[in-house]
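Each remark here refers to the structure printed beneath this line.
Hydrogens, waters and symmetry mates play no part in the numbers below; they use all other heavy atoms, side chains included. Both ligands and their constituent atoms are indexed starting at 1 by order of listing. In this text, all values refer to a predicted model and were calculated from it rather than measured experimentally.
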Amino acid sequence: MKALCKTKPEKGVEYKDVDLPKIKDDELLVKIYKTSICGSDIPVYNYTGWAPRRIPLPFVFGHELCGEVVETGKNTKGFEKGDFISVESHVFCGLCYQCRNDQRHVCSNMVVLGLDTQGGFSEYAAIPARCGWKHSDNKLKEIASIMEPLGNAVFATLVEDVAGKTVFVEGCGPQGLFAIEIAKACGAQKVIALEGSPYRQKMAEQMGADAIFSPTEEKLLEKIKKASGDPSGVDVVLEMSGHPDAVRLGLKAVKPAGRFTAFGLPGSEMTLDYSNDIVFKGIKVEGITGRQIYKSWHVMEGLLRSGKINPAPIITHTFEMKDYEKAFATMMDPERKCGKVVLIP
Ligand SMILES: [Zn+2]
Ligand SMILES: [Zn+2]
């Protein structure tokens with residue numbers, strides 16, 4: 001089968017023939033319908049940051065996947081040939097303290113498909129059956145690969161309720177755009193967005209943001225508080241950018257006893273005014289990683305099927321997998337003129 005394979009310890013990948021994966025007894029063989037590129041695929045592609053330490057070579061990456069089950073391992077239950085699935089990329093063990101305490105998203109033995117094990121930028125992939133999310137019909141088929149990242153935003157946005165609240169979304173990449181739409185759908189009073197790229201500012205507006213500011217604006221904090229309608233700040237900050245300045249700004253923008261949800265990843269250690277911005281303000285800081293398995297998926301499916309959210313416009317580019325160089329160049333565009341980028345094997 002054809003796959004995007006990293007064969008050398010350097011930038012770039014090859015689109016080449018590799019062996020069809022052999023499934024284990026608890027796995028499904030899935031014929032990939034669509035896959036999408038995650039921000040975390042970029043260090044793998046460029047072989048920078050954590051990637052050289054983490055990924056084995058040769059390596060097929062890609063973890064936002066959907067497709068049709070074409071073979072089932074003998075110990076799998078609940079799946080049959082022809083089922084269409086999305087994939088939970090976080091392979092939880094099911095046995096550790098967290099897994100047995102309804103906290104599978106922070107499993108102590110977590111393995112991520114396509115980062116720690118062979119992934120799905122390929123025609124077929126072996127998927128542990130416990131990571132399959134079965135679709136009952138074809139209604140969500142065209143967006144099925146982006147349910148994995150959408151689930152992150154569902155978890156981050158709705159970890160506590162947003163109804164009637166002012167929400168400040170920092171960073172309008174796909175995660176921020178998803179979060180804007182989810183917050184609006186779930187009754188947020190006002191959604192304020194932070195984004196520097198004009199292309200993504202426009203997308204934020206389309207997803208329903210009530211006010212959009214650029215990180216380079218003067219008197220930014222004052223403007224955000226004014227837009228929220230409360231001089232003490234916003235009720236909820238969703239930090240989706242990982243930029244240290246945005247993290248610090250968000251901690252200043254949230255009102256005393258408000259909620260700061262941390263999802264974006266700064267590239268290194270950073271400083272912040274811990275005493276004044278967290279302790280004395282009495283705010284709640286909540287880290288978000290992955291999706292609640294499978295609570296986030298159920299909530300997401302309900303929001304999608306009811307039509308409360310429609311993330312399809314956030315898919316701005318679709319390429320055939322053989323055109324992967326164009327796809328990755330689009331993802332790495334310095335002006336960030338893209339939303340989600342999808343690859344078709
Ligand atoms: Zn990802
Ligand atoms: Zn576990």
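- With the Zn ion (ligand 2) at the apex, Cys99 SG and Cys93 SG define an angle of roughly 120° (rounded to 10 degrees).
- Side-chain N/O atoms of Ser145 and Thr35 include no donor and acceptor closer than 3.5 Å.
- Two rings, from Phe121 and His63, have their centers 6.0 Å or more apart.
- The angle subtended at the Zn ion (ligand 1) by NE2 of His63 and SG of Cys38 is 110°, given to the nearest 10°.
- When rounded to 10 degrees, the angle formed at the Zn ion (ligand 2) by SG (Cys107) and SG (Cys96) equals 110°.
- Under the 30°/60° scheme for interplanar angles, the aromatic rings of Phe328 and Tyr45 are found to lie parallel.
- Under the 4.5 Å side-chain criterion, counting only non-hydrogen atoms from C-beta, Glu71 is not in contact with Leu28.
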